[in-house]
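What you are looking at is a predicted structure, and each value in this text was computed from that prediction instead of being measured. The sequence lines fix the lettering, A, B, ..., with proteins before strands; numbering per chain opens at 1.
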There are 2 protein chains.
Amino acid sequence: MAGAGRRSGQDTKARIQEVALDLFTERGYEATSMREIAERLGITKAALYYHFTNKEDIVVSLLSRQLAAVDELIDWAGKQPRGPELRREVIERWSALTARQGVRMFRFAMANQHTLRELKPGREGMFQRFQLLFDAVTDPDAPLEEKLRARLALLTVQMSMIAGRDLDATDEELAEAARKLSLELLRL
Amino acid sequence: MAGAGRRSGQDTKARIQEVALDLFTERGYEATSMREIAERLGITKAALYYHFTNKEDIVVSLLSRQLAAVDELIDWAGKQPRGPELRREVIERWSALTARQGVRMFRFAMANQHTLRELKPGREGMFQRFQLLFDAVTDPDAPLEEKLRARLALLTVQMSMIAGRDLDATDEELAEAARKLSLELLRL
DNA sequence: GTCTATACCCCGATAGAC
DNA sequence: GTCTATCGGGGTATAGAC
């Protein structure tokens with residue numbers, strides 16, 4: 001066991017992420033100040049800037065694992081033959097990803113859409129990532145309704161986590177219901 | 001015709017709302033500063049505070065007409081007998097409201113969810129308003145999936161305006177496709 | 001390598017002069 | 001009805017203590 005009076009940099013960094021995720025989710029990214037984060041941890045604002053280059057960097061660090069998983073799904077989908085089977089499989093994986101990565105992160109992402117749209121961590125921002133997933137699930141020549149259907153099916157998984165928050169069901173039950181409705185929208 | 005060199009207070013107020021709606025929608029509420037709004041109009045920040053008590057007041061003034069229409073729908077729905085017929089009619093009115101009030105306003109509302117959740121203009125905030133609409137459309141004893149279905153059906157109308165933005169269709173075509181999918185979700 | 005002190009300029013908001 | 005001046009607090013940058 002390490003001494004209690006000293007903290008490693010790794011430890012502090014993780015604690016910053018922990019506190020930041022809580023505050024960003026509760027009050028929103030913009031409404032949360034660097035001073036608040038620092039105060040909760042008993043350190044100064046400047047200490048945050050040792051561990052992260054700026055406020056945005058904190059949020060990017062929080063999302064990086066999620067984004068890597070999404071990128072993996074996009075790459076996988078790009079290599080498969082198009083069709084109803086792919087659509088079903090993408091929804092299944094997308095749904096599993098949401099459940100596994102933690103509903104907490106996705107609630108955070110949905111609640112801070114506007115902020116996140118500006119960020120470009122790695123590949124090209126999550127707006128473009130959604131676009132890529134949409135493309136994997138839709139035929140480019142499909143009629144408007146079909147394209148909209150595909151987009152809504154993917155968004156349904158996340159939307160449900162927000163819209164069903166008060167429904168007195170566990171996150172797992174909610175995710176399962178969302179998965180079913182999502183497949184239904186794609187007529188699978 | 002009024003003289004061109006003088007502006008009435010009404011005029012200035014309307015011009016502030018115009019510029020603010022543009023900026024709030026493009027860059028988001030939090031990312032837009034009072035100075036930017038003032039600069040675009042060739043006045044100072046302080047002048048804004050003559051016309052509006054604070055930044056939030058501008059956004060509330062922009063939403064007031066929309067909210068009045070939503071309140072009307074809630075009140076009407078509350079007086080009708082529950083059932084599939086009411087569900088269909090609520091979706092139809094909700095959809096028409098979205099189209100009529102202007103997609104622009106709803107894009108703004110969706111893009112700034114987190115900000116708007118804190119506001120309580122008049123009745124009780126738009127989070128509670130959604131809740132009331134949900135209640136009108138769902139049986140309290142319905143299973144989880146049915147309740148989620150109702151919520152998603154209502155949200156689909158708005159979500160489509162965001163998700164289908166790149167689909168190279170007119171707002172009217174998009175709204176019509178969304179209406180159909182929304183009814184489909186409710187199995188009507 | 002880890003953090004504090006301090007200073008910068010922009011933010012929303014207010015007071016008071018014109 | 002609009003301005004200037006000012007306030008506390010926000011994100012950010014850096015110098016330097018340990």
Side-chain angles (χ1 to χ4, degrees), chain A residues 2-24 26-63 112 114-121, chain B residues 2-24 26-63 112 114-121:
Chain A
R6 266 275 198 67
R7 294 212 177 267
S8 75
Q10 271 299 73
D11 186 16
T12 302
K13 190 161 181 170
R15 287 168 67 230
I16 292 171
Q17 289 174 315
E18 187 69 17
V19 167
L21 177 55
D22 276 347
L23 289 173
F24 289 163
E26 270 171 49
R27 326 229 267 246
Y29 174 78
E30 313 265 13
T32 302
S33 75
M34 294 292 267
R35 193 181 50 76
E36 281 176 299
I37 299 171
E39 245 168 29
R40 267 214 200 179
L41 290 164
I43 59 179
T44 61
K45 271 200 297 177
L48 297 179
Y49 283 90
Y50 171 76
H51 294 282
F52 298 94
T53 66
N54 52 31
K55 192 181 175 185
E56 190 176 305
D57 187 34
I58 300 180
V59 102
V60 170
S61 82
L62 288 171
L63 289 169
N112 292 278
H114 208 284
T115 305
L116 301 184
R117 187 167 316 166
E118 316 295 314
L119 303 185
K120 300 207 172 177
Chain B
R6 266 276 198 67
R7 294 210 178 270
S8 73
Q10 272 298 76
D11 186 16
T12 302
K13 192 161 178 170
R15 287 168 65 229
I16 292 171
Q17 288 174 316
E18 186 69 17
V19 167
L21 178 55
D22 275 347
L23 289 173
F24 288 163
E26 270 170 49
R27 326 230 266 247
Y29 174 78
E30 313 264 13
T32 302
S33 74
M34 294 293 266
R35 190 182 52 76
E36 282 175 300
I37 299 171
E39 246 168 27
R40 267 212 199 178
L41 290 164
I43 58 179
T44 59
K45 269 199 302 176
L48 297 179
Y49 285 90
Y50 171 76
H51 294 282
F52 296 94
T53 67
N54 52 34
K55 192 181 175 184
E56 188 177 305
D57 187 32
I58 301 180
V59 101
V60 170
S61 82
L62 287 171
L63 288 169
N112 292 277
H114 208 284
T115 305
L116 300 184
R117 188 168 312 167
E118 316 295 314
L119 304 186
K120 300 208 172 177

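Note: CD (B:E30) to P (D:dG9) measures 18 Å, nearest angstrom. Spacing between atom CE of B:M34 and atom P of D:dC3 amounts to 13 Å, rounded to whole angstrom units. We find that CD of B:E39 is positioned 17 Å from P of D:dT2, with the value rounded to whole Å. The CZ atom of A:R35 sits 15 Å away from the P atom of C:dA5 (whole-angstrom rounding). Rounded to whole Å, the distance from CD1 on B:I37 to P on C:dC10 is 17 Å. Remark: C1' of D:dC3 and CG of B:L48 are 13 Å apart, rounded to the nearest angstrom. Distance CZ (A:R15) to C1' (C:dT2): 13 Å, rounded to an integer number of Å. Atom pair A:F52:CZ and C:dC3:C1' shows a separation of 15 Å (rounding to whole Å applied).
Closest heavy-atom contact between A:E30 and A:K55: O-NZ, 3.7 Å. Contact between B:R40 and B:E26 at its shortest, heavy atoms only, is NH2-OE1, 4.4 Å. Residues B:L48 and B:I43 come closest through the heavy atom pair CD2-CD1, 4.0 Å.
The side chain of B:T12 sits closest to D:dT2 out of C:dT14, D:dT2, D:dT12. When the nucleotides C:dC3, D:dG10, C:dA13 are ranked by their closest atom to the side chain of B:N54, C:dA13 comes out on top. Of the listed nucleotides (D:dG10, D:dG11, C:dG12), C:dG12 has the atom at the smallest distance from the side chain of B:S33. Among D:dG9, C:dG12, C:dC11, the nucleotide with an atom closest to any side-chain atom of B:Y49 is C:dG12. Closest to the side chain of A:Y50, out of D:dG10, C:dT2, C:dT4, is C:dT2.
Residues passing the ring pair (Phe, Tyr, Trp, His ring centres under 6.0 Å) test with B:Y49: none are found, sequence neighbours excluded. With sequence neighbours left out, A:F52 forms a side chain to side chain contact (heavy atoms under 4.5 Å, CB included) with A:K13, A:I16, A:Q17, A:D57, A:I58, A:S61.
Within the structure, every side-chain polar atom (N or O) of A:H51 is placed at least 4.0 Å from both OP1 and OP2 of C:dG1.
When each of A:T32 and A:A46 is assigned the nucleotide of DNA chain D with its nearest heavy atom, A:T32 is the one assigned upstream, toward the 5' end.
Taking 3.5 Å as the limit, the base of D:dG11 and the side chain of A:K45 contain a donor-acceptor pair of atoms between them.
Residue contacts for A:T44: at a heavy-atom cut-off of 4.0 Å it reaches a base atom on one of the strands shown.
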